[in-house]
Amino acid sequence: MKCSFEVDTVPLNFSNAQFYFCPLEPSVAVADYDAVMENPRGLQGVFGPDSQWPNEFMTFDENLASLVVHEAEFERRDAFAYSIFNSEKTYCLGSIYVDPCQLKEFDCEVYFWVRQSQQTLENALLDVIQAWLKSTWMFSKVVFPGRTVSWLEWKEKLVGTE
């Protein structure tokens, strides 16, 4: 069972010299779909080794439906998904998902992906997201399953809470 967020202010966007984050919602559907479908098989596993998202045959309408869900989660303050653009806001690079943590030892769990052609940005993006979560969200204990904690260790931690 997921915990809920206890945050006072939720940022609508973030901008620096390299990146721009905005809510992952229907208004970015075309750019998001292009980024996802650049290499859907390469994105499978972003939410865990058993995750099959995205299906390599995912349609634009299926992707749009998922963005509607992300928008509703954002509005209810259940979870916060952001689209990552270049600083000029002209090219979708990927997405970030800030979720309530399933473990009480962390403030949130975060997943993100970068389109295949932009993989060289992954480490810089991780640093930016960590700094943003600490300075803007005031989260001091953030976990990136599959990145800062191995999937095996993450699964073991989750099993230990059941």
Side-chain angles (χ1 to χ4, degrees), residues 1-5 7 9-102 108-133 136-137 139 142-148 151 154-155 158:
M1 182 164 141
K2 290 205 171 209
C3 305
S4 60
F5 274 111
V7 292
T9 306
V10 177
L12 289 181
N13 56 46
F14 167 83
S15 186
N16 73 3
Q18 223 175 351
F19 304 110
Y20 174 76
F21 307 160
C22 64
L24 186 57
E25 60 188 21
S27 68
V28 299
V30 171
D32 179 71
Y33 185 71
D34 180 62
V36 169
M37 297 312 288
E38 182 176 285
N39 182 18
R41 281 190 173 179
L43 295 179
Q44 290 179 353
V46 113
F47 298 106
D50 299 328
S51 171
Q52 295 300 304
W53 177 90
N55 176 314
E56 64 185 296
F57 303 108
M58 181 175 68
T59 67
F60 176 81
D61 287 340
E62 289 170 330
N63 189 62
L64 180 60
S66 72
L67 299 187
V68 169
V69 169
H70 289 306
E71 180 179 46
E73 290 172 336
F74 201 106
E75 289 173 359
R76 287 190 314 264
R77 297 171 69 104
D78 291 339
F80 304 97
Y82 292 86
S83 189
I84 307 165
F85 280 84
N86 62 350
S87 60
E88 295 82 23
K89 306 176 194 171
T90 57
Y91 188 64
C92 182
L93 302 171
S95 295
I96 306 166
Y97 308 86
V98 181
D99 294 338
C101 193
Q102 299 173 73
C108 63
E109 58 189 70
V110 180
Y111 305 87
F112 75 92
W113 59 269
V114 179
R115 68 188 314 154
Q116 171 118 13
S117 62
Q118 303 296 312
Q119 289 294 304
T120 58
L121 298 174
E122 202 165 70
N123 290 335
L125 187 56
L126 176 61
D127 292 344
V128 167
I129 295 169
Q130 287 175 316
W132 176 59
L133 291 170
T136 303
W137 290 77
F139 290 150
V142 177
V143 65
F144 290 77
R147 294 178 189 274
T148 60
W151 285 118
W154 182 246
K155 186 174 181 178
L158 291 177

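The minimum heavy-atom distance linking E62 with T59 is given by the pair OE1-N, 2.8 Å. In plain terms, the two heavy atoms of S87 and A17 that are nearest each other are OG-O, 3.2 Å. Closest approach of W137 to P11, counting heavy atoms only: NE1-CG, 3.4 Å. For the residue pair P40 and E38, the shortest heavy atom distance occurs at CD-C, 4.0 Å. Taking each heavy atom of N13 and C22 in turn, the nearest pair found is CB-CA, 4.4 Å. In terms of heavy-atom proximity, L93 sits nearest to N86 at CD1-N, 3.6 Å.
Classified by interplanar angle (parallel below 30°, tilted 30° to 60°, perpendicular above 60°), the ring pair Y97/H70 is tilted.
For the pair V30/F60, a side-chain contact is recorded, criterion being any heavy-atom separation below 4.5 Å from C-beta on. In this structure, C108 and V110 have side chains that are in contact, with non-hydrogen atoms separated by less than 4.5 Å. Within the 4.5 Å cutoff, no side-chain heavy atoms of F74 are placed close to those of R76. Side-chain contact check for R77 versus V10: some heavy-atom pair is nearer than 4.5 Å. The shortest distance between side-chain heavy atoms of V98 and I96 falls below 4.5 Å.
Taking CE of M58 as the reference point, atom CG of N63 lies at 4.0 Å (rounded to 0.5 Å). Here the straight-line distance linking atom CD1 of I84 with atom OG of S95 works out to 6.0 Å at 0.5 Å rounding. We find the CG-CG distance between L67 and L24 to be 4.5 Å, quoted to the nearest 0.5 Å. Here the CH2 atom belonging to W151 is positioned 8.0 Å from the OG atom belonging to S51, to the nearest 0.5 angstrom. The CG atom of L126 lies 7.5 Å from the OG1 atom of T148; values are rounded to the nearest 0.5 Å. For the atom pair F85 CZ and Q18 CD, the distance stands at 16.0 Å (nearest 0.5 Å).
A donor-acceptor distance shorter than 3.5 angstrom exists from the side chain of Q119 to the backbone of V114, with no hydrogens or angles considered. In this structure, the side chain of Q118 does not engage the main chain of R115 through any donor-acceptor pair within 3.5 Å. Of the possible polar contacts, none joining the T136 side chain to the L133 backbone as a donor-acceptor pair under 3.5 Å is found.
Between the side chains of E25 and S27, at least one donor N or O sits under 3.5 Å from an acceptor N or O.
Residue F47 is tested with W53, W113, W154, F144 for a ring-ring contact (aromatic ring centres under 6.0 Å, His included); the sole match is W53. Each of Y82, Y20, F19 was checked for a ring-ring contact (aromatic ring centres under 6.0 Å, His included) with W132, and the lone residue meeting it is Y82.
Within 6.0 Å of CG on D127 lie more than 12 heavy atoms contributed by other residues, nucleotides or ligands.
Geometric assessment of R147 against the ring of F112 yields a positive cation-pi assignment under the 6.0 Å and 45° thresholds.
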Test log, rule side chain to side chain contact (heavy atoms under 4.5 Å, CB included), inputs C92 and D34: CA-CA 8 Å; C92 182; D34 180 62; over 6 Å; no
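Here the two rings, on F21 and F14, have centers that are under 6.0 Å apart.
Checked against side chain to side chain donor-acceptor pair (under 3.5 Å), Y33 has no partners two or more places apart in sequence or in another chain. With sequence neighbours left out, Q44 forms a side chain to side chain donor-acceptor pair (under 3.5 Å) with no residue at all.
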